[in-house]
Amino acid sequence: MDAAEKSLNFIEHIIEEDLNTGYSKDVLRFRFPPEPNGYLHVGHASSICLNFGLGERYDAPVNLRFDDTNPTKEEQEYVDAIKRDVEWLGYTWANECYASDYFQQLYDWAVQLIKNGKAYVDSQSSEAMAQQKGTPTEPGLASPFRNRTVEENLALFEAMKKGDFPEGEHVLRAKIDMASPNMLMRDPILYRVLHKAHHRTNTDWCIYPLYDWAHGQGDYIEQVSHSLCTLEFLPHRELYDWCLDQLVSPEKLRPKQREFARRNLSHTVVSKRKLLKLVEEGVVSGWDDPRMPTISGMRRRGYTPESIRNFAHTIGIAKRENVVDVSLLEFHVRDHLNKIASRVMAVLNPLKVVITNYPEGEEEWLGAENNPEDASAGSRSVPFSREIYIEKEDFREEANRKFFRLKLGGEVRLKNGYIIKAESCTKDEEGNVVEVQCTYDPKSKSGSGTEESLRKVKGTLHWVSVKHAITAEVRIYDRLFNDPTPDGHKDKDFMDFVNPDSLNKVTGYLEPSLKDLKIGDRVQFQRLGYFNVDTDSSAEHPVFNRTVPLRDTWAKLEQKD
RNA sequence: UGGCCUAUGGUGUAAUUGGCAACACUACUGGUUUUGGUCCAGUCAUUCUAGGUUCGAGUCCUAGUAGGCCAACCA
C-alpha cells in the first residue's frame, strides 16, 4: 500500500503493456510454485512477495501450487511448513494446487502427443542418451528409438504407466530437434518410471512427469496469466511454449513465462544443499535456527512479516546479478520493531552499583514509558533499590569527555530514575572493578518536575534492581558467515567462512515485568537491541533471542580510536 | 569455441521511453533527544569501454570488455 507511489518494476511494465494491448484486468492471475522438498528461505520470501504483491496490486488471485512431480524428494512435512510460512508472511492464496492433481490430464496430453508423432519412448541408458545429446557447441544425435511407430510408443507408454518396467528402462521423450542450439529442445525427457509412493497419489502412478511437462500445463489449467520464475529457467521458456503449443485451445488464456534474477543476501547462503549441510554438520541447531536465512529461522529470530515484506519491496526486482546487503534487511527489521516493541530494561554484562545514601531495605517503583514512539503503548512500573546492576561497559574509572557514561566523580542519569554520581569502586585481586559506590540526588527523580530532575546530564544508563531482577538465558547472534559472499569464491568452500562466534549465550538480568512475556513476544532491551522470547523458553527457564542490535554509533566511534 | 541473458554510486532499485541521473540502505558531518536508539538536515556518480547519430544519449547505432546461464530420468 505504502509502495503504491513507487515506480514500476519490469514485470509490472510487462503487465501494464499486456493490459494496454488486450488483456482485461480480470484475467490476471499469478502463482507461487514451490517444490515441497525443503524449507522456504529469504529468497523464496522475495518471490512470494513478488507474486502475492502483484495479486494485491491488481486485485488478482494468486495460487499456491506445489510442484510435486518428484516423489523421491518430496514430503508432506514440507508442504505443511511451506503453507505455514506463506501464511505467516501475511498472504492468502486463492487455491491450494498440486501438480500431482494434474497427473491424469498430463498423461492424456502425453498420449495425444504420441498420437501426433511428437513423442516417443526411448529405451536407452541415461548415459547413452547423454552421449547423444551433444554439447552446446555440437549438435546431438538421434536416438535409435526415435522413429518407433505410434502404436509401439502407445503400447510401451501404457506399460510404463502400469508398472511393467523397472526404473530406468524406458522414458518418454518429446520429438523436437536434436540439433537445436537450445539443449533443452534436444528431445527432452517428459516422463520417467519411478516406483515410489507419492505423498499425495501414493502408488497410483509408476510414471512421473518432469518439470517441463508439468509446469506450463499447470499454469494453463489454472489459467495463470503471468508465470514468473528465476533467470535460470529462461532457456526453458522455449520448451514451455512448445509444450503449450501442443495443447492450448484458442479460446483459453495462454500463460506466459517471464524471468527475474533471484535475490542474493550478503553474509549467508540459500541453496538447499548448503543449508542442509549447516544443519547436518551441527553448525546450526536446525532449519529454524535463528541464524538461518530460512523463513522459519527469521520468524524464530523475531523478524516480523511486515519487515520482510518491506524489505522485499524495497529491493525490487530486476534481471541482473545482485547481492543485497543484509544491513538493508536489518534496517527494515529495526524500522518496524522501533514502532511496535516496548522498551524494557535488561543488563547482560552486570556490574553492581551500590547507592550508598539510599536507605537500606527501601524500594520504590518508578514509572516507565513503554514506547516513546507510541503513546498508546502506555507505561509500567519498574522497581528501584539500593543495589542495582549496570553494564560493565558503562563504567570506567577514568575516561575522556567523549565517554559520557559513568566514571569516577562523574554523573549519569539512570533511565526513569535518579541522577547518580560515582564516588569510588572496589576491585578484585586482578584489578577488575567488581562494585561501584555511588550517591544519588533524591530530588532528581525522573518526571518529578523539580529543578534537579530537569538537569541535563550527558549520559543515561539502563539498569536493573539486583533484588528484583529475574534471570534469563539470552542468545546473542552474529552473522553466520564472515564473508559477504561465502559461496562466491572459486578456490574456497563456503564452510571456510562460517563465523565461529555467531552464537553467544549469556545470562541476562531483567526487570521483573518480563516474566509475563510469552513465546514470540518482542521487546527492546533499552540501549541493547530488539529481543524476542525463543521457542525454547519456559517459565522456569526464560530464553531470549537478540533479533537485531540497535544501531551503535558509540561502538563505531570507539573503533576509530 | 556455440546459443541466450545482464552491465547505472560501496549496496539494491528508478529515470515520464531521446530532455536537469532519482529513491532507499550503508558510510561520513552536524542538530534534537532521559536509549550514543528514534527523528531532522547535509555530503558521497566520468551510467562497463571506445567510436558514432543528435541541439541533446543511461536510453538509439557499431565494435569491444566483463559477469552469468545452458549438455540431471532435479525443480
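Chain letters run A, B, ... following the sequence lines, proteins first and then strands; every chain starts at 1. Bear in mind that the values here come from a model prediction, so they are computed numbers and not experimental data.
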- Query: Say you pick atom C1' in B/rU6 and the same atom in B/rA71; how far apart are they, in whole Å?
  - Reply: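 About 22 Å, rounded to a whole number of Å.
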
- Query: Expressed in whole Å, how much space separates the C1' atoms belonging to B/rU33 and B/rU38?
  - Reply: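 So the two C1' atoms sit 9 Å from each other.
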
- Query: Does the ring of A/W205 carry A/K161 above it, NZ/CZ under 6.0 angstrom from centre and within 45° of its axis?
  - Reply: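 Yes; both conditions hold, so A/K161 lies above the ring face of A/W205.
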
Any donor-acceptor pair, under 3.5 Å, between the side chain of [X] and the base of [N], if you only look at N and O atoms?
| X | N | value |
| --- | --- | --- |
| A/R527 | B/rU35 | no |
| A/E238 | B/rG3 | no |
| A/R405 | B/rG36 | yes |

- So what does A/L194 touch, heavy atoms closer than 4.0 Å: a base, only the sugar-phosphate, or nothing?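 No contact.
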
- Task: Could you check whether A/L328 gets within reach of a base, just the sugar-phosphate, or nothing at all, counting any heavy atom under 4.0 Å?
- Result: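 It contacts sugar-phosphate atoms only.
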
- Message: Quick check on B/rC74: is either OP1 or OP2 less than 4.0 Å from any side-chain nitrogen or oxygen of A/T69?
- Response: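 Negative; the distance criterion is not met.
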
- Could you tell me whether the phosphate oxygens of B/rG37, OP1 or OP2, come under 4.0 Å of any side-chain nitrogen or oxygen in A/T553?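 True: A/T553 side-chain N/O within range (under 4.0 Å) of B/rG37 OP1/OP2.
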
- Can you tell me the Watson-Crick or wobble partner of B/rU11, both distances under 3.5 angstrom?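 B/rA24 - that is the nucleotide pairing with B/rU11, both distances being under 3.5 Å.
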
- Message: Measuring from the side chain of A/R263 (C-beta onward, heavy atoms only), which nucleotide among B/rU13, B/rU35, B/rC69 has the closest atom?
- Response: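 For A/R263, the side-chain atoms sit closest to B/rU13.
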
